[in-house]
S.K.: 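A single structure is presented below for examination.
Just so we're on the same page: letters track the sequence lines, and every chain starts at 1.
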Amino acid sequence: MSELRHPPGTFDVLPADSAPWEGLIRAFARVVEAAGYGLILTPTFEDLAVFKRVGESTDVVRKEMYDFEDKGGRHIALRPEMTASVARAFIQHRPPLPWKSWYAGSNFRYERPQAGRFREFHQVGIEAFGSADPDLDVEVMSLGWEFYTAAGITRRELLLNSLGDGTCRPAYRALLLAYLESHRDELCEEHQIRLEENPLRVLDCKKPACQKVVAGAPRQLDHLCDDCAAHFARVKNGLGALQIPYTVDSKLVRGLDYYTRTTFEYAGLGLESAQNALGGGGRYDGLVSAMGGPDTPGVGFALGVERILLAVEAEGGTDRLAAGRGLDVFVVDFGGSGGDAGRDLTALLRAAGLRADRAFDGRSPKAQFKAADRSGARLALVVGPDEAAGGTVAIKDLQTSADQVSVPVADVVAEVRQRLG
RNA sequence: GUGGCCGUAGCUCAGAUGGUUAGAGCGCCAGGUUGUGGCCCUGGAGGUCGGGGGUUCAAGUCCCCUCGGUCACCCCA
């Protein structure tokens, strides 16, 4: 047992296991880049203030922030989510609108790890700034939906809600608060205390006590202003037109305070409810201005990579994500040239664009072939004294075990290509 | 942050009631095959029994502490 380990709540993904991760991110990039989203890289850590804007009353800010003071006395936080970082980058650089970006990277929340939940976890996502058009909400939601299909996840559902905007939300909030206060003693302990801070959070409290009260509570959807109602109608219309099934859930609040109007969540139906949130997002028209930027609408989502992998696993394995990796050839050098032949042939193959590996240390033929077998390469290319004398390379098909053939060095690349089909 | 369960070889795990040099399977390395993988046979390397303290003639085994893992609550990705 080594003294040095990864920190609690983190993990290593070794090359032998990383194919699904690689395939998933590639599949995501393919889907969103086809819709005009470009990769964005932002720092893994930011000034704590960047993230405080996601909402002082949220668990993310209140108790899950992975923060510390750096050597310059700055209060730093590892990013708990990406939207605030992207918004900060938008405000700092002011790119032309509309501005569409996608990302893949680590996020951090300081909490006790558990199934499907880590201190460092990974997300892929998109953010689109500069348009309040409900059709953009639909585009964003549909891209997530399409990606799940590409990843092989069919057992999922899209939950949809509208939280209203600066016009109708305060009025609804007051209405809800008044209702909840009249039932205060029936709420769970936590919400009796924190009710005023964010009454909306009571809506998705899982405690039976709160649920009972919520059942009779006024619904935001019944109190949307005309603009928000029209926006929501257009969103539903667009999803219908694209044949994306959805379920309206008036209690869907989500864990971040910056959402306005559209909020949505993708839930995996094949997973335990404690970790069935595959991803979520929504519109955040007030976020950029709240962070000190120009009044700019935006909409986006983030999907949890660990959760997606769990869902893919639950639906028959990650093989389809992992396709396309592996070596073409493995070079075996039986000696006679001091290792020159193997070294030079490997370089020749790689320069020709073939995926080639080899054995080192002049190991025994048996050991080298064993390595060739394990490497997963389709072909073994053999060089040794006999080949050196004749200026040839022996090609052996490791899958069919057919008799190996000898070809002139000059023809090796062409011959290999033909055999790989 | 609170609670349950669990830490023995790289991995999965045996090691009743404490008792001489801590085992197996898989994996790895080598040989059987002086130029040929997968199967088989033989052999080998690899362990401060998570760490520290205590009880005892004697601790992998019992007690305390600690670290780590895992699951759950809260909440989410």
Side-chain angles (χ1 to χ4, degrees), chain A residues 1-11 14 16 54 57-64 79-83 105-125 144 188-191 194 198 201 204-207 210 252-256 265-268 271-281 301-311 330 332-336 359 361-389 394-404 406:
Chain A
M1 206 69 64
S2 171
E3 298 269 323
L4 271 18
R5 304 179 43 86
H6 57 244
T10 66
F11 55 88
L14 304 183
V54 310
S57 75
T58 64
D59 285 342
V60 169
V61 170
R62 236 175 54 224
K63 58 182 194 185
E64 296 174 358
R79 61 186 181 208
E81 56 112 37
M82 290 286 290
T83 304
S106 292
N107 295 281
F108 305 83
R109 291 185 196 171
Y110 198 90
E111 61 178 348
R112 289 282 290 272
Q114 119 188 216
R117 215 181 297 195
F118 302 89
R119 285 187 175 171
E120 177 176 15
F121 61 102
H122 300 78
Q123 289 185 332
V124 293
C188 74
E189 199 175 334
E190 159 93 7
H191 286 113
R194 316 192 68 90
N198 188 349
R201 298 228 44 91
D204 69 352
C205 180
K206 293 197 178 74
K207 298 258 170 55
C210 283
L252 182 67
V253 172
R254 314 238 354 105
L256 306 169
E265 184 169 308
Y266 302 102
L271 300 175
E272 296 297 320
S273 67
Q275 58 262 356
N276 73 347
L278 295 177
F301 66 62
L303 314 180
V305 175
E306 289 81 1
R307 297 287 170 81
I308 294 167
L309 258 15
L310 280 175
F330 195 95
V332 171
D333 185 345
F334 287 166
D361 302 314
R363 303 224 282 152
S364 71
K366 176 171 176 164
Q368 291 194 51
F369 265 95
K370 202 166 184 173
D373 188 46
R374 275 197 296 254
S375 77
R378 173 78 186 281
L379 304 172
L381 299 199
V382 187
V383 291
D386 296 351
E387 287 74 17
I395 301 179
K396 176 172 183 172
D397 190 315
L398 291 168
Q399 285 171 23
T400 66
S401 295
D403 289 344
Q404 61 193 54
S406 203

S.K.: Between atom CG in A:Leu303 and atom C1' in B:A77, what is the gap in whole Å?
M.R.: 9 Å
S.K.: Both A:Ala277 and A:Ala394 contact RNA chain B. Taking the nearest nucleotide for each, which residue is further toward the 5' end?
M.R.: A:Ala394
S.K.: Hey, mind stepping through A:Glu81 and A:Arg109 against side-chain contact (heavy atoms from CB on, under 4.5 Å) and telling me if it holds?
M.R.: CA-CA 9 Å; A:Glu81 56 112 37; A:Arg109 291 185 196 171; 4.0 Å; yes
S.K.: Syn or anti for B:A24, taking syn as within 90° of 0?
M.R.: anti
S.K.: If you measure from the P atom in B:G37 to the same atom in B:A30, how many Å do you get, rounded?
M.R.: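 It works out to 13 Å between them.
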S.K.: Checking all strands, does A:Val332 fall into the base, sugar-phosphate, or nothing category for heavy-atom contacts under 4.0 angstrom?
M.R.: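 If one applies the 4.0 Å heavy-atom cut-off, A:Val332 turns out to touch nothing in the nucleic acid.
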S.K.: Output the rounded distance in Å from CZ (A:Phe369) to P (B:G35).
M.R.: 12 Å
S.K.: Restricting to non-hydrogen atoms, name the atom on A:Gln123 and the atom on A:Ala302 that form the minimum distance, rounded to 0.1 Å.
M.R.: OE1-CB, 3.5 Å
S.K.: Determine the interatomic distance between C1' on B:G68 and the same-named atom on B:G50; round to the nearest Å.
M.R.: 7 Å
S.K.: Would you indicate what A:Gln368 reaches in the nucleic acid, counting non-hydrogen atoms under 4.0 angstrom: base, sugar-phosphate, or nothing?
M.R.: nothing
S.K.: For B:C13 and B:G35, measure between their P atoms and round to the nearest Å.
M.R.: 42 Å
S.K.: So which heavy atom on A:Arg307 is nearest to which on A:Ala277, and how close?
M.R.: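 So the minimum-distance heavy-atom pair works out to NH1-O, 3.2 Å.
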S.K.: Rounding to the closest angstrom, what is the interatomic distance between B:C5 and B:G52 at atom C1'?
M.R.: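 Taking atom C1' in both B:C5 and B:G52, they lie 23 Å apart.
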S.K.: Let's see if you can work this out: which of B:G37, B:A77, B:G35 has an atom nearest to the side-chain heavy atoms of A:Arg109?
M.R.: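 Selected nucleotide (nearest to the side chain): B:A77.
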S.K.: Can you tell me, in whole Å, how much space there is between the P of B:U8 and that of B:G31?
M.R.: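 Those two atoms are separated by 33 Å.
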S.K.: Indicate for each nucleotide in nucleotides 65-73 of chain B, in 5' to 3' sequence, whether protein heavy atoms under 4.0 Å reach the base (B), only the sugar-phosphate (S), or nothing (-).
M.R.: ---SSBBBB
S.K.: Any base atoms under 4.0 Å from A:Gln404, or only sugar-phosphate, or nothing? Heavy atoms, all strands.
M.R.: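 The residue A:Gln404 makes base contact.
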S.K.: If we require ring centres under 5.5 Å and near-parallel planes under 30°, does A:Phe121 stack on B:A77?
M.R.: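 Stacking between A:Phe121 and B:A77: present.
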S.K.: For a quick check of understanding: with a heavy-atom distance under 4.0 Å over all strands, which category does A:Glu387 fall into, base, sugar-phosphate or nothing?
M.R.: base
S.K.: Measure across A:Phe330 and A:Ser375 and return the closest heavy-atom pair with its distance rounded to 0.1 Å.
M.R.: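 Scanning both residues completely, I find the closest heavy atoms to be CD1-OG, 3.4 Å.
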S.K.: So, for A:Leu278 and A:Ala311, which heavy atoms are closest and what is the spacing to 0.1 Å?
M.R.: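 Shortest heavy-atom separation between A:Leu278 and A:Ala311 comes out as CD2-CB, 3.8 Å.
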S.K.: Does a donor on one side chain sit under 3.5 Å from an acceptor on the other, for A:Ser106 and A:Glu120?
M.R.: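 Yes, because at least one side-chain N or O of A:Ser106 sits under 3.5 Å from a partner of the opposite role on A:Glu120.
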S.K.: Checking A:Arg201 now: which residues fulfil salt bridge (Lys or Arg N to Asp or Glu O under 4.0 Å) with it, not counting sequence neighbours?
M.R.: A:Asp204
S.K.: Walk along nucleotides 26-33 of chain B from 5' to 3' and tag each nucleotide B, S or - by protein heavy-atom contact under 4.0 Å, base first, then sugar-phosphate.
M.R.: --SSSBB-
S.K.: For RNA chain B, list all stems, counting runs of three or more consecutive pairs where every pair is Watson-Crick or G-U wobble with both distances under 3.5 Å.
M.R.: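 Paired runs of 3+ in RNA chain B: B:1-7 with B:67-73, B:10-13 with B:23-26, B:28-32 with B:40-44, B:50-54 with B:62-66.
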S.K.: Name all residues meeting the salt bridge (Lys or Arg N to Asp or Glu O under 4.0 Å) criterion together with A:Asp386; count only those two or more places apart in sequence or in a different chain, and write none if there are none.
M.R.: none
S.K.: Could you work out the separation of B:G25 and B:C41 based on their P atoms and round it to a whole Å?
M.R.: 11 Å
S.K.: Could you check how far CG of A:Asp373 sits from C1' of B:G38, rounded to whole Å?
M.R.: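 Result: 5 Å.
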S.K.: Can you check the A:Asn276 CG to B:C75 P distance for me, whole Å?
M.R.: 14 Å
S.K.: List the residues meeting ring-ring contact (aromatic ring centres under 6.0 Å, His included) with A:Phe334, not counting sequence neighbours, and say none if there are none.
M.R.: none
S.K.: Is any N or O donor-acceptor pair between the side chain of A:Lys63 and the base of B:G1 shorter than 3.5 Å?
M.R.: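 Donor-acceptor pair under 3.5 Å: no.
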S.K.: Compare every heavy atom of A:Gly335 with every heavy atom of A:Pro385, then report the nearest pair and how far apart it is.
M.R.: CD-O, 2.9 Å
S.K.: How far does CG of A:Leu398 sit from CZ of A:Phe369, to the nearest 0.5 angstrom?
M.R.: 7.0 Å
S.K.: Between atom NZ in A:Lys396 and atom P in B:G37, what is the gap in whole Å?
M.R.: 6 Å
S.K.: Identify whether NZ of Lys or CZ of Arg in A:Arg119 sits under 6.0 Å from the centre of the six-membered ring of A:Phe108 and within 45° of that ring's axis.
M.R.: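 No, A:Arg119 does not sit over the ring of A:Phe108.
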S.K.: B:U56 and B:G18: how far apart are their C1' atoms, nearest whole angstrom?
M.R.: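 Result for the C1' pair: 9 Å, nearest Å.
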S.K.: A:Glu265 has an atom CD; how far is it from atom C1' of B:A77, in whole Å?
M.R.: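 My rounded result for the distance is 9 Å.
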S.K.: On RNA chain B, does the nearest nucleotide to A:Arg119 precede the nearest nucleotide to A:Ala371 from the 5' side, or the other way round? Give the residue.
M.R.: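 Result of the comparison: A:Ala371.
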S.K.: Given the C1' atoms of B:C63 and B:C11, what is the spacing between them in whole Å?
M.R.: 32 Å
S.K.: Expressed in angstrom and rounded to an integer, what is the separation of A:Arg201 atom CZ from B:C74 atom C1'?
M.R.: 11 Å
S.K.: Sub-3.5 Å donor-acceptor pair from the side chain of A:Gln368 to the main-chain atoms of A:Arg363, do we have one?
M.R.: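 Side chain of A:Gln368 to backbone of A:Arg363: a pair is present.
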S.K.: Starting at atom CG of A:Asp386, determine the distance to atom C1' of B:U34, rounded to an integer number of angstrom.
M.R.: 13 Å
S.K.: Can you name the nearest heavy-atom pair linking A:Asp397 to A:Leu379, along with the distance?
M.R.: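 Looks like CA-CD2, 3.8 Å.
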